[in-house]
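Everything below concerns the one structure shown next.
When a ligand or atom number is given, it counts from 1 through the structure's own listing order.
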Amino acid sequence: MTFSSQPLSPPVQRIDFEGTQPASGSLDVSWIHGSVSPKHNDDPDIQVHAYNEHTYILRQNMAVHYEAPFMFLLFGNERAILLDTGATRSQDYFPLRQTVDALIERWLSRHPRADYRLVVAHTHLHRDHFEGNSQFLDRPHTTMVGRSLEDTIAFYGFSQWPTERVSFDLGGRQLQIMGSPGHEDVEVSIYDPYTQILFTGDIFYPGRLYIRDWDAFASSIARLIEFTEAHPITHILGCHVEMSIYPRIDYLIRTSYQPHERPPQMTVAQLRDLGSAIAAVNGRPGIYPFDAFILYNGVPDRYFSYEAMNPEVEPGTVGYLD
Ligand SMILES: [Zn+2]
């Protein structure tokens with residue numbers, strides 16, 4: 001009789017994500033912000049910044065797509081969640097799958113566990129946030145949240161959309177999911193108690209806040225402000241930067257060069273400023289610049305519609321609305 005000389009695999013080290021203090025993290029990063037000539041841009045297709053060991057912020061290169069959306073990868077004990085898949089389908093131009101796989105592989109080499117899963121989710125259903133989905137269709141151990149209101153409600157288990165708040169557990173890292181429609185109908189905001197970061201998709205970021213449904217937008221922002229009054233917040237992170245460091249000054253729509261752009265992180269005070277801006281604008285259509293954001297309320301689609309820029313697409317196709 002022989003015994004295997006293989007050592008028993010070490011027990012899985014469970015990571016504690018539930019401290020009372022926010023996990024330390026860094027936003028000391030110089031974000032790649034395009035170049036005068038996108039053709040001659042040689043920055044990486046995707047910039048990856050480790051906020052901390054379990055929290056990654058990714059940004060699509062502006063030369064690959066002018067929307068240059070931010071995406072987020074959060075690790076828990078049992079699964080990771082990828083928030084958004086960017087503005088470009090092609091793996092050749094935009095190797096998101098490869099980048100995420102490498103990050104997960106590295107994380108698992110430091111924190112080995114079996115059957116680790118990936119959830120691919122969306123802050124909202126505009127094309128600059130889900131075009132990379134197809135790269136994940138054949139990925140093993142992967143669940144993708146469907147692209148409809150019904151799918152989103154069913155996946156997170158909302159019983160009262162959008163006013164309810166529900167938990168989504170990554171394995172000891174309990175995200176709080178809130179419906180926040182107004183820019184788009186199926187938008188969620190996500191609070192991570194581990195880092196105390198509030199992720200706000202495209203409803204709140206330093207840029208042009210396109211409002212499709214004023215009442216829904218105003219209610220969502222009121223709920224987010226109320227949430228920040230009851231929960232500690234380190235940073236608020238949306239999915240784009242379109243404002244410069246100069247108050248009220250944004251970049252040209254569709255530019256691929258943003259020197260002197262603002263950092264993506266926003267503060268609770270700036271979210272309250274948005275609350276005041278909403279009260280001041282009071283639903284009137286128009287474009288209203290404020291220091292760190294600009295409200296685009298009910299502005300005719302022709303200014304920024306996908307059809308206007310792409311006359312070959314069928315009318316009615318959902319466009320890029322940031
Ligand atoms: Zn967007």
Side-chain angles (χ1 to χ4, degrees), residues 31-34 45-47 57-73 82-89 93-94 96 120-135 145 147-149 152 178-190 197-213 216-217 220-221 224 236-243 250-256 258 261-266 271 274 287 292-299 301 303-310 313 317-322:
W31 289 107
I32 295 170
H33 51 260
D45 298 327
I46 301 170
Q47 183 176 5
I57 306 174
L58 288 67
R59 188 185 199 182
Q60 180 165 0
N61 186 328
M62 200 163 274
V64 178
H65 197 290
Y66 68 89
E67 292 280 12
F70 289 85
M71 295 147 283
F72 308 96
L73 181 65
L82 174 65
L83 299 175
D84 289 349
T85 59
T88 299
R89 279 183 207 187
Y93 299 147
F94 178 57
L96 181 64
V120 177
H122 315 102
T123 58
H124 65 293
L125 301 182
H126 281 151
R127 291 164 66 146
D128 52 323
H129 301 267
F130 63 69
E131 279 290 88
N133 276 15
S134 57
Q135 298 184 21
V145 182
R147 289 203 331 242
S148 71
L149 180 59
T152 302
M178 296 165 260
S180 51
H183 166 74
E184 192 272 335
D185 290 346
V186 194
E187 182 139 10
V188 292
S189 292
I190 296 176
I197 292 174
L198 177 62
F199 298 94
T200 50
D202 275 11
I203 198 166
F204 183 57
Y205 64 89
R208 297 177 286 271
L209 307 180
Y210 293 106
I211 303 164
R212 299 300 297 250
D213 179 335
F217 183 83
S220 292
I221 297 301
L224 285 173
I236 302 178
L237 278 171
C239 290
H240 300 276
V241 173
E242 293 156 356
M243 302 297 287
D250 62 336
Y251 295 93
L252 287 175
I253 295 175
R254 292 190 183 79
T255 188
S256 54
Q258 297 191 163
E261 66 174 15
R262 273 175 191 260
Q265 64 269 25
M266 304 282 273
L271 181 65
L274 175 56
I287 299 172
F293 49 81
I294 302 177
L295 299 191
Y296 271 65
N297 182 34
V299 175
D301 278 8
Y303 289 121
F304 47 85
S305 80
Y306 187 64
E307 291 102 290
M309 291 299 289
N310 298 273
V313 304
T317 305
V318 175
Y320 288 100
L321 295 172
D322 280 27

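Rounding to the nearest 0.5 Å gives a distance of 12.5 Å between CD of Glu242 and CZ of Arg262.
The Zn ion (ligand 1) sits nearest to atom NE2 when only the N, O or S atoms of His129 are considered. The atom of Asp202 nearest to the Zn ion (ligand 1) is OD2, with the search restricted to N, O or S atoms.
Evaluation of the salt bridge (Lys or Arg N to Asp or Glu O under 4.0 Å) rule for Asp45 yields no partner, not counting sequence neighbours.
Put simply, Cys239 stays out of reach of the Zn ion (ligand 1), with no N, O or S atom under 2.8 Å from it. One of the N, O or S atoms belonging to Asp128 lies under 2.8 Å away from the Zn ion (ligand 1). With 2.8 Å as the limit, His240 counts as an N, O or S neighbour of the Zn ion (ligand 1).
With His126 as the fixed residue, the side chain to side chain donor-acceptor pair (under 3.5 Å) test singles out one of His183, Glu184, Glu131: His183.
Taking every heavy atom of both residues into account, His129 and Asp202 meet most closely at NE2-OD2, 3.0 Å.
Looking at Tyr210 and Arg212, their side chains never bring a donor and an acceptor atom within 3.5 Å of each other.
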